[in-house]
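Have a look at the structure below before the remarks.
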Amino acid sequence: MSVDFREVEKKWQKEWEEKGVFHAEPAESSEKPKFFITIPYPYLNGNLHAGHTRTFTIGDAVARYKRMLGYNVLFPMGFHVTGTPIIGLAELIAKRDERTIDVYTKFHDVHLDELLQLTTPEKVVEYFAREALSALKGIGYSIDWRRVFTTTDEAYQRFIEWQYWKLKEKNLIVKGSHPVRYCPHDANPVEDHDLLMGEEATIVDYTIIKFYFESKDGRIIFPCATLRPETVFGVTNIWLKPTRYVLAKVDDEVWFVSREAYEKLTFTDKKVELLREVDADQFIGKYVTNPVTGNNVPILPAEFVDTDNATGVVMSVPAHAPYDYVAIEELKKDDKTLEKYGIGEIVQNLRPIVLIKIEDEDYEVPAKDIVEEMEIKSQKEVEQLEKATKTIYKKEFHKGVLLEITGDYAGIKVSQIKERLQQDLIRNGIGDIFYEFSEKPVVCRCGTKCVVKVVKDQWFLNYSNPEWKGKVLEWLDEMAIIPEYYKEEFRNKIEWLKDKACARRKGLGTRIPWDREWLIESLSDSTIYMAYYIIAKYVNSGVVKAENLTKELLDYVLLGIGNPEEAAGKSGVDVKTAEEMRKDFLYWYPVDLRSSGKDLVANHLLFFLFHHIAIFPKELWPRAIAVNGFVSLEGKKMSKSKGPLLTMKRAVEEFGADVTRLYILHASEYDSDADWRRKDVEGLAANLRRFYNLAKDYYLKDVQQPDQLDRWLMSRLQRAIKETRDAMEKLQTRRAVNAAFFEMMNDVRWYLRRGGKNLAIIFDDWLKLLAPFAPHICEEIWHWKHDSFISLESYPEYDETKVDEVAEVSEEYVRMLLEDMKEILKFAGDVEAVYIAIAEDWKREVVRVAREAGDVRKAMKIIMSDERFRGMAKEVSSFVKRIFKERFEGFDSVNEEEVINSALDFFERELGIKVKIDPEKVPVEKRRAAMPGKPAIYAV
RNA sequence: GCGGGGGUUGCCGAGCCAGGAAAAGGCGCAGGGCUUAAGACCCUGUCCCGAAGGGGUCCGCGGGUUCAAAUCCCGCCCCCCGCACCA
C-alpha cells in the first residue's frame, strides 16, 4: 500500500500551525542573524495559480533553507486588492457576463453558485482572500500568518497615507497631465485585457507644427502633425485630403483640422469648440506660412492623407518622405487636378529641399533616390511606400546629421533631435503635441473605438527626478540582483523610468490624503509595505488599532523620529508598545531578499527600490532582489482572464504539496519559464514514493560500521550537500533539487544495486537536505525516529573528512569495468567466463613518470635512463605514446585487485557469468593492451 | 526600433563565464526482470556503424583562432520578453 501524501501533508501543516513553528520574533542573541524574505503579495482577482506557486515556493524553499542554516527567518504574506480589476470583476459577475463566468468556473475552479454571489468588490475580496489563505496553507508554506493583511484594511491605509505625506514633504509628488487609452462609451481608461482589437498599439506623440494662414477673419492654424519635426526645414507644401474638414476653436486659436481630429481633441486637456465645417478645396492653392522658417508654402491635395490619423493636416517633405515625393510627382502629371485648382505652375516648380546628410551613403535626395530605385509610381502603392519610408528613416535616424539649412540645429544627429525640437517649438508657441495610437483601430470590449485621453492635473511620482534616480542607480550597484545579469536590465529600466501617474478616479484603495478626490493607484501603494508586516502583527493581535497609527507613531516606529513617549501619547498606544514596535522594525528591516516573478521588474520592483530609497535611511534599503520566470501548462501560456490556468489548490489536491513543490522548483532555473507537464509531474510523484519506500525499508534499521561502499555513499552525500548549498546560495532551486533529490536517488540506487544495506547511515542527513524542498514527507519520516521538527533542525554541513576519494574512484573503476565487460559480452557470443588481467606494475610507474614529464620525448628520455626498461624499449615506447594520445588518466589510488575481488559477486550477478582475475587465461596480446585502471578483459 | 534573454542529441533541460567526454538529469520510447495478471518496483538500451571494450558524425547557419570549440572571435538567420500608468 502506498503512502497518501495529502494525509501526511495535512497532518504536519496542522502540527506546524498549532505549535507556531514559523512564528518569527526578534532573537535576543546576536548569534542568530535575522533573515527577512518577502514575496510580492498576490492580487486577488482570481485564485492563486501555478505562477504564484512557483514564485512562492522558491521563496518558501529559501525561507526554510535559511531557517535550517540558523537564521531567524521572517516570511510573511498579505493580499493585494487595490485598484480596478476587482471592481471590474464584481461588475462582470453582477452582469452575469458569460465569458467571465466561464473562465472563473472552468479555470479558477470557483463553483458556479458561489461565483454568482460575488457581485460586489467586498465579496470578491472576501472570497478570494479566504481561498488564497487556504491554498497557501494547503501547500505548507512556512509563513508567519499572524501578520497577514489586505490592502483595504483601515490600518494599512493609514500606513499608505503616512507614506504619501512623506513623499509629498520630499517634493517627490508633482502634478501633471498624461495621455491614456480611453473608451468614450465606458468613460474609462482601457486596460490591455479589455481590448477587442489593437493590444499592440502604443501611444505615440506627434509633433504639431502650427503653419498658419492669415484670413480676413484672422489667423487660421494649419496644425501639421509629424513624427519627424526636424523635417520642417524641408517643407515644400502641405497636404490636405480633398474632403470636408472643420474649423475649431482650440484654446485661443482657430485650427483647421479633420473632423476626426476635432473629436480627438475634445479628449485632450485643450478647450475645444467646433466653429463650422469647411471644404479643403477652398484652401487648395493658397499659401500658408511655415512658422519655423518663415517660408510661404502652398496647400496641395493628396489622396494618401488619412484624416483619421492625427490632425489630418500633413506637411510635405519630398526630399525625405517617399510618400510626399511620389504624391508630388503624381500630381505633376495629373492635369485634371492641376487645372481644377489652378495649381499647375506651383506644382511644376516644387523642388525637394534636402536637410539631412546620411553618413556613408551616397544619397542625393534620399526619398527621390529610393522611390526611383524601387520604381514606385503611385501613392496607392502603400506597401512599397511604407517599406521605403522605413528604410530611409532607419538610415537617417542612425546615421543622419542635420545640414546648415536647419540653422541652430545644424550638426545634430537625427537620433537626438526630436525631443529637443519638440520642446523648442512648444516653448515658442508654434508647436504642440498630438497623441495618437501607433496602430489602428483600437477597439474596446464594448465595441467602441478608443481614443487617447489626456488626464489633467494628475498626481505623479517624480521618478524622473535625477537626484532620486541617481541614488537608486547607486544602490543598485551595491545590492544583489539574482540572477546577476538582471542587474543590467534593472539599470536600463531605472534610467528609462519616467514620472508615473499615481492617482486614479476609480478603484479600491487609499485616498490621497491631501486631495481626496483621488485614489492611490495600486502599484503605487505597494512599494514599502514590507515594513507594514511588522505593524500588522500588532494590529491583528488587537494591541494597535487603525486610529492609533498616527503620523507621530509611524514616524517613530519607521523612522525613529521623536521619542516613544511622545509617539505613544499622541497615538494612544502605550509607551511599551511603541518601543516594541520600533525595536521589531529595526530588528527585521531591511528586507534581505525580495523574490518575485520577472513580470514585476519594470514596475513594482523599481518602485520598491525608489520608495525605500526615498523614505528610509540607507541601512534599511533592500539587500537583494531575485527574479524568476513564468509557468506554462503543457507548453501553453497561462492566462488569468482567458485560461488555461492551473490553480495552486488543484495542483496540490491532485499531486500533493511536496510533489508540486519539487516539480516547480526543478522545472527550470532563474528567469527561464517552467512548463507544467502532467506526465513529468506524475514521474516525479513516482520518484517521491520511491523515496518514501526507501525510508520505510531502511531508515529504522540500525546503522552498521561503514565499509568501503558505505563510505562511497557518504562521500557522495557530501558532494550533494556541497552542491545543494552552493545552489541555494545562488537561489538555483533547480540545481539544488537535482543534487539533493535526483542525483542522490541515483547514487542510492547504485548503492543498493552494489549490495549496500546500510542506507540508514545517510538518511538523517538526506532528509534534512531535502526538507526545504519537500518539507512534509521529510517531517513525516523524520518523526519515525525523532521528536523534533526537521523544519527547525540544522542543515547538513559539508564535511570534507567524509569525502573519500579512494572510495569514489574505486566505485568509478567498478562502474567502468562493468561497462567494458558488458560491451565485450555484447559481441562475444556464447561465453562461460570473463577473465581479467590487471596491467603490470611497470606501466603504473611509466604513467606516473610520463605525466610528470609532460611530453613524449621528455618522458622517454627519463624512462629509458632506468635500466629496468632498456630491455623492453619498444613496448615501453608504444605504451608511452598511447598514454599521451589517449590523454590517459589512470586510477592511481585504486588497488585494482582488491577492488575487483570485492566486486566479483556483483559482477557475476550483473553479468550472469563467472568473473575472475586470472592473467594466465588472458592471451598475451590482450594483456599487453591493459592500462592501469583499465585491465585486460577476456571472455571465453 | 530600443533594451534584456535565448537557439544543445525525440521532447524538456544542464554544460558555455574559467576550451579537452556522444554531452548531467528528467520525460517519452524500446527491451528485460519481478508478478497469476495489471500497477508499483528494479535493470538495460535509446545519433550511425561495429561478432572484443572500437570507429564515425553531432550542439541555429557560415567563417576564423587553437594540438583541441557546444564552449573563444567575426558575420548572418531565427525565437521569446519588456517598452508603462496595468495588476
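Order of the sequence lines sets the chain letters (A, B, ...), proteins ahead of strands, with each chain counted from 1. We use all heavy atoms of the structure for the numbers below, so side chains are in, but hydrogens, waters and symmetry mates are not.
Counting non-hydrogen atoms under 4.0 angstrom, H80(A) reaches the backbone sugars and phosphates but no base. Residue-level contact check: F630(A) touches neither bases nor backbone, having no heavy atom under 4.0 Å from any strand.
In this structure, of rC86(B), rC41(B), rA24(B), it is rC86(B) that holds the atom nearest to the side chain of K500(A). Closest contact between the side chain of N738(A) and the listed nucleotides rC43(B), rA84(B), rG25(B) involves rG25(B). When distances run from any side-chain atom of E669(A) to the nucleotides rA14(B), rG25(B), rC86(B), the shortest one goes to rA14(B). Side-chain proximity of L497(A) to the nucleotides rC81(B), rC43(B), rA84(B) is greatest for rA84(B). In this structure, the nucleotide among rA84(B), rC42(B), rC86(B) sitting nearest to the side chain of P85(A) is rC86(B). Among the nucleotides rG53(B), rC43(B), rC86(B), the one closest to any side-chain atom of K926(A) is rG53(B). The side chain of N687(A) lies closest to rG26(B) when the candidates are rG26(B), rC86(B), rU44(B). Distances from the side chain of W496(A) to the nucleotides rG82(B), rC83(B), rG53(B) place rC83(B) closest. The nucleotide whose nearest atom lies closest to any side-chain atom of A939(A) is, among rG3(B), rA52(B), rC27(B), rA52(B). Closest contact between the side chain of E743(A) and the listed nucleotides rA84(B), rU44(B), rA24(B) involves rA24(B).
With a 6.0 Å cutoff to the six-membered ring centre and a 45° limit on the axis angle, K637(A) does not count as a cation-pi contact of F630(A). Cation-pi contact between R815(A) and W750(A): absent, since separation from the ring centre below 6.0 Å together with deviation from the ring axis within 45° is not met.
The two residues V627(A) and Y486(A) make their nearest non-hydrogen contact at CG1-CE2, 3.9 Å.
One atom, NE2 of H604(A), and another, P of rG82(B), lie 18 Å apart when rounded to the nearest Å. Atom P of nucleotide rC43(B) and atom CZ of R754(A) are separated by 14 Å, given to the nearest angstrom. Nucleotide rC43(B) holds its P atom 21 Å from the CD atom of E908(A), rounded to whole Å.
No side-chain donor-acceptor contact under 3.5 Å links R735(A) and N738(A). A donor atom on one side chain and an acceptor atom on the other are not found under 3.5 Å apart for D918(A) and Y938(A).
Side-chain nitrogen and oxygen atoms of R753(A) include at least one within less than 4.0 Å of the OP1 or OP2 phosphate oxygen of rU44(B). Contact annotation: K637(A) reaches the phosphate of rC81(B) (side-chain N/O to OP1 or OP2, under 4.0 Å). In this model, the phosphate group of rG26(B) is not approached by any side-chain N or O of R734(A) to a distance below 4.0 Å at OP1 or OP2.
Other residues, nucleotides and ligands place more than 12 heavy atoms under 6.0 Å from the CD atom of E495(A).
Nucleotides rC43(B) and rG5(B) place their P atoms 41 Å apart, quoted to the nearest Å. Comparing the C1' positions of rA69(B) and rU57(B) gives an interatomic distance of 16 Å, to the nearest angstrom. Distance check on atom P: rA68(B) versus rG45(B) gives 33 Å, rounded to whole Å.
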Would you sort out whether E396(A) and R228(A) count as a salt bridge (charged side-chain N to carboxylate O under 4.0 Å, His left out), showing the intermediate values?
CA-CA 11 Å; E396(A) 293 188 341; R228(A) 302 191 54 191; 2.5 Å; yes
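Under the Watson-Crick or G-U wobble criterion, with both distances below 3.5 Å, rG20(B) is paired with rC67(B). Across all strands shown, the partner of rG3(B) is rC81(B), judged by Watson-Crick or G-U wobble contacts whose two distances both fall under 3.5 Å. Of all nucleotides present, none satisfies the Watson-Crick or G-U wobble test against rU9(B) with each distance under 3.5 Å. rG28(B) is paired with rU46(B) under the criterion used here, namely a Watson-Crick or G-U wobble arrangement in which both key atom distances are under 3.5 Å.
Comparing D671(A) and M745(A) by the nucleotide of RNA chain B whose heavy atom lies nearest to each, the residue mapping closer to the 5' end is D671(A). Across the interface with RNA chain B, nearest-nucleotide mapping of R677(A) and D680(A) shows R677(A) to be the residue nearer the 5′ end.
For E495(A) and rG3(B), a side-chain-to-base donor-acceptor distance below 3.5 Å is absent, hydrogens and geometry of angles not being considered. At a cut-off of 3.5 angstrom, counting only N and O atoms as typed in the model, there is no donor on one side facing an acceptor on the other between the side-chain of N492(A) and the base of rG3(B).
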